[in-house]
*Asks:* 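One structure is given below, represented as structure tokens, and several questions about it will come after.
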Amino acid sequence: MSNAISTAIFCARGCDKTFHDNSARAIPTTGQAVNLMRKVSIFDNAFGTSAKTAVEAFETAKNATGLTGFAARGADFVARNVNPAIGVATGIKILCSKDKEKSLMTDGVGFLGMLAGEEAARHIIKTYGWTMGKTIVHAAKALGCTSPQASVAIWAAEGLLFAGASIGAWIGAAKLGGMLHDKIKNEGKDEASAKDESQKQEETTKDTVDGNKIVKNEPSAAAQLKNATAATRVESNGSTKESGTSLPGTANTIPA
């Protein structure tokens with residue numbers, strides 16, 4: 001369902017991602033550029049003539065030997081398998097990312113969203129394309145356009161719809177995956193924080209209980225002072241008694 005309009009948009013987006021987001025996207029972007037060249041070559045204008053010349057040179061290079069032929073055949077293979085190539089480039093980005101979990105939830109889910117969006121666009125064009133085409137033709141004629149111009153409008157609308165569904169589904173799915181990742185990560189942090197707080201409370205409670213046991217088993221300072229005083233009195237009384245018994249004969253001594 002992709003045409004020159006959607007392929008040109010994909011190619012431009014691939015170049016942007018190659019230079020600003022994921023250098024591995026250069027692989028599928030090369031295939032998209034080949035497809036764009038082939039689709040433009042059917043145009044009966046200056047662009048079509050130039051593209052046709054480029055396609056003929058590319059086809060000749062495919063049959064060449066050496067590095068040129070290898071590169072041309074590789075580009076042709078990627079051009080026939082663009083979406084798998086995008087999947088490989090996305091996997092490379094995930095593996096090279098510092099936060100692999102988040103990259104998986106954003107880029108990985110975004111890629112799956114792209115596939116779903118393109119499939120939905122194909123279904124819409126296949127099911128409602130005729131109705132959409134008639135609507136566009138009526139609108140074009142109402143604006144004073146000719147039938148060829150209306151056909152171009154239908155062609156452009158299909159390309160824009162396909163590209164919009166693909167790119168929009170990628171962006172939406174990537175944002176949804178990122179939000180889900182952040183939610184799961186924050187919930188994990190909250191659970192870990194709650195667990196740590198619970199452990200701290202248990203340790204505090206245990207220390208308090210152990211402290212009470214220690215205080216209960218050991219006499220208090222007042223009790224220790226009281227016991228010391230009683231012991232002193234006992235010792236004092238014992239000393240007095242010993243003094244009284246040491247002089248028993250003094251009272252019966254007869255003066256000379």
*Asks:* List, by chain and number, the other hydrophobic cluster members for Val78, where Ile, Leu, Val, Met, Phe, Trp and Tyr join if side-chain heavy atoms come within less than 4.5 Å, directly or indirectly.
*Replies:*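 Cluster partners of Val78: Ile27.
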*Asks:* Donor-acceptor check, side chain of Asn35 to backbone of Ala79, threshold 3.5 angstrom: yes or no?
*Replies:*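 Present.
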*Asks:* Is Lys52 atom NZ crowded by more than 12 heavy atoms from other residues, nucleotides or ligands, each under 6.0 Å away?
*Replies:*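 At most 12 heavy atoms, drawn from other residues, nucleotides or ligands, come within 6.0 Å of this atom.
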*Asks:* In the structure I gave you, are the side-chain heavy atoms of Glu187 and Lys183 within less than 4.5 Å of one another anywhere?
*Replies:*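 Contact flag for Glu187/Lys183 side chains = yes.
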*Asks:* Test of understanding: with side-chain contact (heavy atoms from CB on, under 4.5 Å), list the residues that count as partners of Ile94, not counting sequence neighbours.
*Replies:*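 Scan of Ile94 (side-chain contact (heavy atoms from CB on, under 4.5 Å), adjacent residues dropped) gives Thr90, Ser103, Leu104, Asp107.
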*Asks:* Under a 4.5 Å side-chain heavy-atom rule over Ile, Leu, Val, Met, Phe, Trp and Tyr, are Val109 and Ile86 clustered together?
*Replies:*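 No, no single cluster joins them.
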*Asks:* Quick one: side chain to side chain donor-acceptor pair (under 3.5 Å) pairs with a partner in residues 159-174, sequence neighbours left out?
*Replies:*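 Output for this query lists Glu118-Ser166.
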*Asks:* Using 0.5 Å steps for rounding, measure from the CD atom of Glu119 to the CG atom of Leu115.
*Replies:*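 Reported to 0.5 Å precision, the distance equals 9.0 Å.
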*Asks:* Over all heavy atoms of both residues, which pair between Asn83 and Met114 is shortest? Give the atoms and the distance, please.
*Replies:*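 Looking at all heavy atoms of both residues, the closest pair is OD1-CE, 3.6 Å.
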*Asks:* With rounding to the nearest 0.5 angstrom, report the OG1 to CE distance, Thr127 to Met132.
*Replies:*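 Between atom OG1 of Thr127 and atom CE of Met132 there are 11.0 Å.
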*Asks:* Output the distance between atom CG (Leu36) and atom OG (Ser6), rounded to the nearest 0.5 Å.
*Replies:*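 If we round to the nearest 0.5 Å, Leu36:CG and Ser6:OG are 9.5 Å apart.
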*Asks:* Among residues at least two apart in sequence or on other chains, which ones pass side-chain hydrogen bond (donor to acceptor under 3.5 Å, both in side chains) with Asn81?
*Replies:*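 Scan of Asn81 (side-chain hydrogen bond (donor to acceptor under 3.5 Å, both in side chains), adjacent residues dropped) gives none.
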*Asks:* Residues sharing Met37's hydrophobic cluster, by side-chain heavy-atom contacts under 4.5 Å among ILVMFWY, directly or via others?
*Replies:*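 Its cluster partners, ordered by chain and number, are Val34, Val55, Phe58.
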*Asks:* Please identify each residue that fulfils side-chain contact (heavy atoms from CB on, under 4.5 Å) with Phe47, with sequence neighbours left out.
*Replies:*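 Residues passing side-chain contact (heavy atoms from CB on, under 4.5 Å) with Phe47: Val40, Asn45.
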*Asks:* So with a 6.0 Å cut-off around CD of Gln149, is the heavy-atom count from everything else above 12?
*Replies:*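 Yes, the 6.0 Å shell around CD holds more than 12 heavy atoms from other groups.
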*Asks:* Holding to ring pair (Phe, Tyr, Trp, His ring centres under 6.0 Å), I want the full list of residues that pass it with Phe43, two or more places apart in sequence or in another chain.
*Replies:*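 Partners of Phe43 under the ring pair (Phe, Tyr, Trp, His ring centres under 6.0 Å) test: Trp155.
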*Asks:* When clusters are formed from ILVMFWY side-chain contacts under 4.5 Å, directly or step by step, what else is grouped with Leu67?
*Replies:*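 Listed partners: none, Leu67 stands alone.
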*Asks:* Minimum heavy-atom separation for Lys185 to Asp99, with atom names?
*Replies:*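 Here Lys185 and Asp99 meet closest at NZ-OD2, 4.3 Å.
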*Asks:* Distance check, rounded to the nearest 0.5 Å: Glu59 atom CD versus Arg38 atom CZ?
*Replies:*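 Answer for the CD-CZ pair, Glu59 versus Arg38, is 5.0 Å.
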*Asks:* Mind checking side-chain hydrogen bond (donor to acceptor under 3.5 Å, both in side chains) for Arg13 and listing every partner two or more places apart, or none if nothing turns up?
*Replies:*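 In terms of side-chain hydrogen bond (donor to acceptor under 3.5 Å, both in side chains), with neighbours along the sequence ignored, Arg13 is linked to no residue.
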*Asks:* Using every non-hydrogen atom in the two residues, find where Ala157 and Ile136 come nearest and quote the distance to one decimal.
*Replies:*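 Nearest pair, atom of Ala157 first, then Ile136: CB-CD1, 3.6 Å.
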*Asks:* Taking only residues two or more places apart in sequence or in another chain, which ones pass side-chain contact (heavy atoms from CB on, under 4.5 Å) with Thr18?
*Replies:*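 Counting only residues at least two positions away or on another chain, Thr18 forms a side-chain contact (heavy atoms from CB on, under 4.5 Å) with Arg25, Ala26, Thr29.
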*Asks:* If two hydrophobic side chains count as joined below 4.5 Å and joins carry through other members, does Ile42 share a cluster with Phe10?
*Replies:*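 Linked, Ile42 and Phe10 end up in one cluster.
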*Asks:* Sequence neighbours excluded, which residues qualify as side-chain contact (heavy atoms from CB on, under 4.5 Å) partners of Ile9?
*Replies:*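 Partners of Ile9 under the side-chain contact (heavy atoms from CB on, under 4.5 Å) test: Ile5, Leu160, Ala163, Ile167.
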*Asks:* Looking at side-chain heavy atoms only, is the closest gap between Ser2 and Lys39 below 4.5 Å?
*Replies:*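 Side-chain contact under 4.5 Å: yes.
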*Asks:* Give a yes or no on whether the backbone of Thr131 and the side-chain of Lys134 come within a donor-acceptor separation of less than 3.5 Å.
*Replies:*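 Judged by distance alone, no pair lies under 3.5 Å.
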*Asks:* Roughly how far, to the nearest 0.5 Å, is the CG atom of Asp182 from the OG1 atom of Thr106?
*Replies:*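 Separation between the atoms: 9.5 Å.
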*Asks:* Hydrophobic cluster mates of Val88, side-chain heavy atoms under 4.5 angstrom, ILVMFWY only, any path?
*Replies:*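 Members besides Val88, by chain and number: Ile92.
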*Asks:* Work out which heavy atom in Pro28 is nearest to a heavy atom in Ala24; give both atom names and the distance.
*Replies:*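 For Pro28 versus Ala24, the nearest heavy atoms are CD-O, 3.5 Å.
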*Asks:* Looking at CG of Leu161 and OH of Tyr128, how far apart are the two atoms once the value is rounded to the nearest 0.5 Å?
*Replies:*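 Reported to 0.5 Å precision, the distance equals 12.5 Å.
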